[in-house]
Amino acid sequence: MDWKKTLLSLERNEEWDTAIAYMQNVIAENPNDVDATICMNYLLMYSIVYETYDYAIAEYRRFLAKKYFKESYAKFSENAEYLFFTGLTAVMEFWNFDIEDEDIDNMLKKAVQLDRNNILYTWGYSDVERNNLEDAELAKKLLTLGSASRKQLESKGAVGEYLIGIMETCSVTNKDKLQKNINEYLFGQIDTSSFCYACCCYYADGLRGGEFNQQEQKLFFELSKIADRYIESTKNPATYTGTPFLESELKQKTLEVQQVLNI
């Protein structure tokens, strides 16, 4: 498995052409190594999407991406791990693999069907009905240090790191973001305008996602209404006729929310 260390080093040093040539040799020598194909598919996709600025190089890498995806899918289309990692890799720009958006969904769905006990695959399947809070809690659980899911992700090098980054973002709820902004506002780390816009945005998104209990919903609603007054009164101050915005009222309600939530 030394090839994984070499590949990760090349990727971190952004030696894309060397890394691609290296993995071509690895796959030639180990044609049935599913990890090698997972890593090659990711390497080609990532380098095309984020690291290619020359048209000819991009076209060559797209040719390779289609080639290696087609060959690997023919071999590993019944392998849940392959379907999960390559399916989520394809989300970047699925056309580089010469597939359609629905093909991604089918790959992720099949991964779940092949291994229903792996909750990492359940997280990856987009059609599973979960709200924002459930998604965040599942992501937190999967990312727990030492968990089987985290170990599986870490075993895949750069593609594992990429997915861990996505999951870390998913694990932060709108409620978490709002609580963070409350602290920042009270300690003078963000201004009134930024805080008010954040309040309205995170309250609305969190409400849709079912993230608040009844008490929190009431508190955040009251806070968001004060924030909304700030936004409306500063958009067109000369024509605004609503209830005047008071900074002291915003700060008092923010302190109340902080106290109740024990932030």
Side-chain angles (χ1 to χ4, degrees), residues 88 119-120 122-154 160-263:
L88 289 181
I119 56 175
L120 184 59
T122 300
W123 172 83
Y125 180 39
S126 60
D127 276 2
V128 176
E129 292 185 3
R130 296 188 301 265
N131 60 35
N132 292 345
L133 185 57
E134 290 169 336
D135 258 339
E137 291 303 317
L138 181 56
K140 287 178 183 177
K141 181 178 179 180
L142 294 171
L143 291 174
T144 301
L145 291 176
S147 70
S149 296
R150 185 161 193 127
K151 287 179 180 178
Q152 185 179 8
L153 291 166
E154 290 173 344
E161 292 180 349
Y162 168 74
L163 293 179
I164 286 172
I166 291 175
M167 294 172 74
E168 286 175 340
T169 300
C170 291
S171 70
V172 181
T173 65
N174 289 289
K175 178 181 171 181
D176 293 332
K177 294 172 186 175
L178 186 49
Q179 289 175 330
K180 179 176 181 289
N181 284 149
I182 285 171
N183 270 338
E184 290 174 337
Y185 171 65
L186 292 175
F187 284 97
Q189 295 170 330
I190 58 173
D191 59 24
T192 302
S193 177
S194 298
F195 179 60
C196 287
Y197 276 97
C199 282
C200 294
C201 175
Y202 295 145
Y203 171 72
D205 289 346
L207 188 63
R208 284 193 294 268
E211 296 179 22
F212 310 134
N213 62 35
Q214 189 172 4
Q215 182 186 32
E216 291 167 347
Q217 186 172 324
K218 179 178 182 295
L219 281 170
F220 286 142
F221 172 75
E222 293 169 353
L223 181 61
S224 71
K225 293 307 291 182
I226 298 172
D228 191 56
R229 283 207 296 275
Y230 171 85
I231 294 169
E232 291 302 316
S233 64
T234 53
K235 276 183 181 177
N236 299 293
T239 59
Y240 179 72
T241 58
T243 304
F245 167 79
L246 298 173
E247 183 86 33
S248 59
E249 184 183 9
L250 176 66
K251 190 151 290 186
Q252 180 59 42
K253 180 57 66 174
T254 304
L255 285 166
E256 182 183 339
V257 172
Q258 184 192 49
Q259 183 178 12
V260 169
L261 295 176
N262 295 316
I263 301 173

Can you give each donor-acceptor pair under 3.5 Å made by side-chain atoms of residues 193-200, sequence neighbours left out, with the distance rounded to 0.1 Å?
| unit_1 | atom_1 | unit_2 | atom_2 | d |
| --- | --- | --- | --- | --- |
| Ser194 | OG | Asp191 | OD1 | 2.8 |

NZ on Lys175 to CG on Asn213, rounded to 0.5 Å: 6.0 Å
Selection residues 227-245 - residue pairs positive for side-chain hydrogen bond (donor to acceptor under 3.5 Å, both in side chains), sequence neighbours left out: Arg229-Glu249
Contacts of Phe212 that satisfy ring-ring contact (aromatic ring centres under 6.0 Å, His included) - sequence neighbours left out: Tyr203, Phe220
Results of salt bridge (charged side-chain N to carboxylate O under 4.0 Å, His left out) for Lys253 - residues two or more places apart only: Glu222, Glu256
Non-hydrogen side-chain atoms of Leu120 and Met167 separated by less than 4.5 Å: yes
Contact summary for Asp135 and Trp123, nearest pair of heavy atoms: OD1-CD1, 4.4 Å
Sole candidate of Ile164, Ile166, Val172 that passes side-chain contact (heavy atoms from CB on, under 4.5 Å) when paired with Glu168: Ile164
side-chain hydrogen bond (donor to acceptor under 3.5 Å, both in side chains) contacts touching residues 138-150 (sequence neighbours left out): Arg150-Glu154
Pairing residues for Glu247 by the side chain to side chain donor-acceptor pair (under 3.5 Å) criterion, not counting sequence neighbours: Tyr185, Thr192
Minimum heavy-atom distance Tyr202-Leu178, with the two atoms named: CD1-N, 3.9 Å
Verdict with reasoning, Leu223 to Leu219, per side-chain contact (heavy atoms from CB on, under 4.5 Å): CA-CA 6 Å; Leu223 181 61; Leu219 281 170; over 6 Å; no
Contact summary for Leu142 and Ile119, nearest pair of heavy atoms: CD2-CG1, 3.3 Å
Exam field: side chain Glu211 to backbone Thr173, donor-acceptor pair closer than 3.5 Å: no
